[in-house]
Engineer: 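One structure is given below, represented as C-alpha cells, and several questions about it will come after.
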Amino acid sequence: MTIQEIIETAEKDLKDRFSEIEKTEAYWTRRILKAFQEKEVSYRHFAGTTGYGNGDIGRDTLESVFATVFGAEAAIVRPSIASGTAALAQTLYGLVLPGDEIVSATGRPYDTMEEILGINEGECAPGSMKEMGVSYKEVPLTDSGEIDLPAVEAVITKNTKLIIAQRSRGYSWRPSLMPDQFEGLCTMIHEKHPGIRVMVDNCYGEFVAFCEPSEKGADVCVGSLIKNAGGGLAPTGGYMVGKKDAIERIASHITAPGIGLEVGSYAQGYQLFFQGLFMAPHTVAQAIKTACLAARVFEILGLQSVPGSMEKRSDIIQAIRLETPERLIRFCQGIQMASPIDSMAMPEPWDMPGYTDQVIMAAGTFVAGASIELSADGPMRAPYTAYLQGSLTYVHGKIALEKALEHMVSGNAIRIP
C-alpha cells in the first residue's frame, strides 16, 4: 500500500465516526448561538478599552456569554491570562491559603503543573504552592481509568481545601476523562466535605462531548483561549468558569481584593474572542477528525494509539506510541514541514522550561503556541509517544499527516507494508 492508499482506507473506516463528530459540532453551535442571542451581543461589545477598564461592556458581556455556554454561575475571561498554565496557577492562588492541602484525584498532573505545585525534582520554584506552605497529595486513577473515589476520600484531612482533576491525559498514557466522570467526585466532595472545592483542568476538552464538567458539579473549570475555546482566532488569554463564590475569590487574586472583576482593559478589542468562541465547535470538530484519522492510520501500521480511532473522546489530543526516538523526531519534523508558518524550521529536542525531560515540539501556528492549530510534541522518554492535537481544517490535518509519514519513511524510521 502507498501512504495515500492507507489514508484513503482510514477515511472510509471513519465515515460513521465523522458523522458522530458532526452531531456534537451542531449541538454546541446551537448552544453557543443561543447564548450570543440571549446576551444580545452586538458590535459595541467588540470595542477595546484602556486603563482600568471600568464599565467595559465587551469584557463583561464576553464573561457572561462564557458562563452561560458552560452552564456556570460566573466566569473570568481575560486576554491578560498568559496561558492555560497561568490560568491554573491563578486559580490555585485564589482558592488555597498557606497551611491548606491540595489533592489530585487524577494522579500526576501535566508536567508544567509540577513547578506550580512544587512537586518537581530539584529546587522549588519561587512562588510555588510548596513555598507558600501548601501541601499536596495525589491519588492515581483506577486500572480502568476511573477516579478512585474511596481512595480520594481516604486521603482527605482537615487541611484539604481543594481537589484538582485533569480532564486531558497530558503526557500520560491514560484515557482522558469524560465530563460525566467528574460527577461522582463532585457529589461525594460536596455532600461529605462541604468546605472543599473541586477544580477541573479543562484544557483541550471543551466542546468535544455533549456537556462540560461545570455542569456536573465542578466548582471551577479552567482553560486556555489558544486551545479549544478560542476557536483558532483568539490571540491570547485564559478563562475560569464556575460557581460565583469561587470565581470571586480567584478574581480577587487576579486583580485585587475589593476590586475583583470590575477592572481589566484590552485596547485591541474583543471581536476575536467572541468570534473564536462562536467558531470553536467547528474548529474542535476539525481537530477531532484529524486525531481520529491519525489514530486509524497508525493502527493500520501496527502502532498503538490512545484513544483508539473508533472510541469516544473527551479531548482533542491523540497519543501515538512511536516506540523509538527517531520515529518521534521524524514525525514531529514532518508535521512542522507541513505547517503554514515556519515550515522551514526543523524542530529538535530541547530543555524546555517547566518540563522534566527534553521535549520536541512542532507548531507552525498563526498564534504562537496555539494547540488548537495543528501541532505535535512529546517528551524524549520511552515509549516515545507523540501527542498530536489541533488542526484548523481537517484537510490540512490530512495533508500534514501524509507529510509526516513521508518524512518518517524517507528517514527509515518506519516502513509502509
Side-chain angles (χ1 to χ4, degrees), residues 1-22 173 232 283-311 313 316-349 360-366 371-378 380 382-417:
M1 297 178 73
T2 66
I3 291 172
Q4 290 76 17
E5 287 172 338
I6 291 174
I7 291 175
E8 288 173 3
T9 298
E11 284 187 305
K12 291 177 182 178
D13 294 342
L14 292 166
K15 183 179 179 181
D16 291 341
R17 186 72 187 91
F18 283 1
S19 178
E20 294 173 4
I21 294 166
E22 288 164 5
W173 189 259
T283 307
V284 168
Q286 302 300 291
I288 301 172
K289 287 180 179 179
T290 299
C292 289
L293 181 67
R296 185 64 192 133
V297 164
F298 280 99
E299 286 167 0
I300 292 171
L301 293 174
L303 293 172
Q304 285 184 280
S305 294
V306 171
S309 59
M310 304 299 173
E311 292 180 39
R313 293 170 180 262
I316 63 170
I317 298 176
Q318 182 62 54
I320 306 165
R321 184 171 285 183
L322 295 176
E323 299 177 351
T324 71
E326 293 78 17
R327 286 177 178 173
L328 176 56
I329 292 170
R330 298 290 290 193
F331 178 77
C332 290
Q333 288 177 342
I335 295 296
Q336 185 73 41
M337 292 164 68
S339 298
I341 310 300
D342 290 332
S343 61
M344 76 298 293
M346 192 64 71
E348 296 287 349
I360 183 167
M361 287 195 166
T365 56
F366 292 94
S371 301
I372 191 60
E373 300 184 48
L374 187 63
S375 62
D377 54 81
M380 297 304 297
Y384 300 101
T385 302
Y387 296 88
L388 179 73
Q389 58 262 319
S391 191
L392 295 178
T393 70
Y394 168 70
V395 172
H396 175 231
K398 181 168 67 172
I399 292 170
L401 182 59
E402 180 180 328
K403 183 64 177 179
L405 290 171
E406 290 174 353
H407 191 60
M408 294 173 78
V409 169
S410 68
N412 296 317
I414 198 169
R415 291 184 180 181
I416 300 299

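Note that these values count all heavy atoms, side chains included, but never hydrogens, waters or copies made by symmetry. Quick note: residue numbers are just sequence positions, from 1.
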Engineer: Partners of S343 by side-chain contact (heavy atoms from CB on, under 4.5 Å), sequence neighbours excluded?
Structural biologist: none
Engineer: Return the set of residues passing ring pair (Phe, Tyr, Trp, His ring centres under 6.0 Å) with Y387 (not counting sequence neighbours), or none when no residue passes.
Structural biologist: Y171
Engineer: Without hydrogens or angle criteria, can the side chains of Q389 and S375 be said to hold a donor-acceptor pair below 3.5 Å?
Structural biologist: yes
Engineer: Check whether any side-chain N or O of E373 sits under 3.5 Å from a backbone N or O of G364 as a donor-acceptor pair, and report yes or no.
Structural biologist: no
Engineer: Ring pair (Phe, Tyr, Trp, His ring centres under 6.0 Å) with F366: which residues, sequence neighbours excluded?
Structural biologist: none
Engineer: Would you indicate whether the side-chain heavy atoms of E323 and L328 approach each other to under 4.5 Å?
Structural biologist: no
Engineer: If the condition is side-chain contact (heavy atoms from CB on, under 4.5 Å), which residues does S19 pass it with, not counting sequence neighbours?
Structural biologist: K23
Engineer: Distance-only check: which donor-acceptor pairs under 3.5 Å involve side-chain atoms of residues 406-417, not counting sequence neighbours?
Structural biologist:
| from | atom 1 | to | atom 2 | distance (Å) |
| --- | --- | --- | --- | --- |
| H407 | ND1 | R330 | NH2 | 3.4 |
| H407 | NE2 | R330 | NE | 3.4 |
| H407 | NE2 | Q333 | OE1 | 3.0 |
| S410 | OG | R330 | NH2 | 3.0 |
| S410 | OG | E406 | O | 3.3 |
| S410 | OG | H407 | O | 3.0 |

Engineer: Listed by chain and number, what are the side-chain hydrogen bond (donor to acceptor under 3.5 Å, both in side chains) partners of E402, not counting sequence neighbours?
Structural biologist: Q4
Engineer: For T365, give me all partners under side-chain hydrogen bond (donor to acceptor under 3.5 Å, both in side chains), at least two apart in sequence or on another chain.
Structural biologist: none
Engineer: Applying side-chain contact (heavy atoms from CB on, under 4.5 Å), name anything that partners S305, two or more places apart in sequence or on another chain.
Structural biologist: A295, F298, Q318, I320
Engineer: Under the rule for side-chain hydrogen bond (donor to acceptor under 3.5 Å, both in side chains), what residues qualify as partners of E22, not counting sequence neighbours?
Structural biologist: K289
Engineer: Can you name the side-chain contact (heavy atoms from CB on, under 4.5 Å) partners of A404, sequence neighbours left out?
Structural biologist: F331, I335
Engineer: Show the nearest heavy-atom pair for residues T290 and S391, with the distance to one decimal.
Structural biologist: OG1-CB, 3.4 Å
Engineer: Measure the spacing between CD of Q304 and OG1 of T385 and express it to the nearest 0.5 Å.
Structural biologist: 9.0 Å
Engineer: Can you tell me how far CD1 of I316 sits from SG of C292, rounded to the nearest 0.5 angstrom?
Structural biologist: 12.0 Å
Engineer: Apply salt bridge (charged side-chain N to carboxylate O under 4.0 Å, His left out) to R313 and list each qualifying residue two or more places apart in sequence or on a separate chain.
Structural biologist: none
Engineer: Mind checking side-chain hydrogen bond (donor to acceptor under 3.5 Å, both in side chains) for E326 and listing every partner two or more places apart, or none if nothing turns up?
Structural biologist: none
Engineer: Can you tell me how far CE of M337 sits from SG of C332, rounded to the nearest 0.5 angstrom?
Structural biologist: 13.0 Å
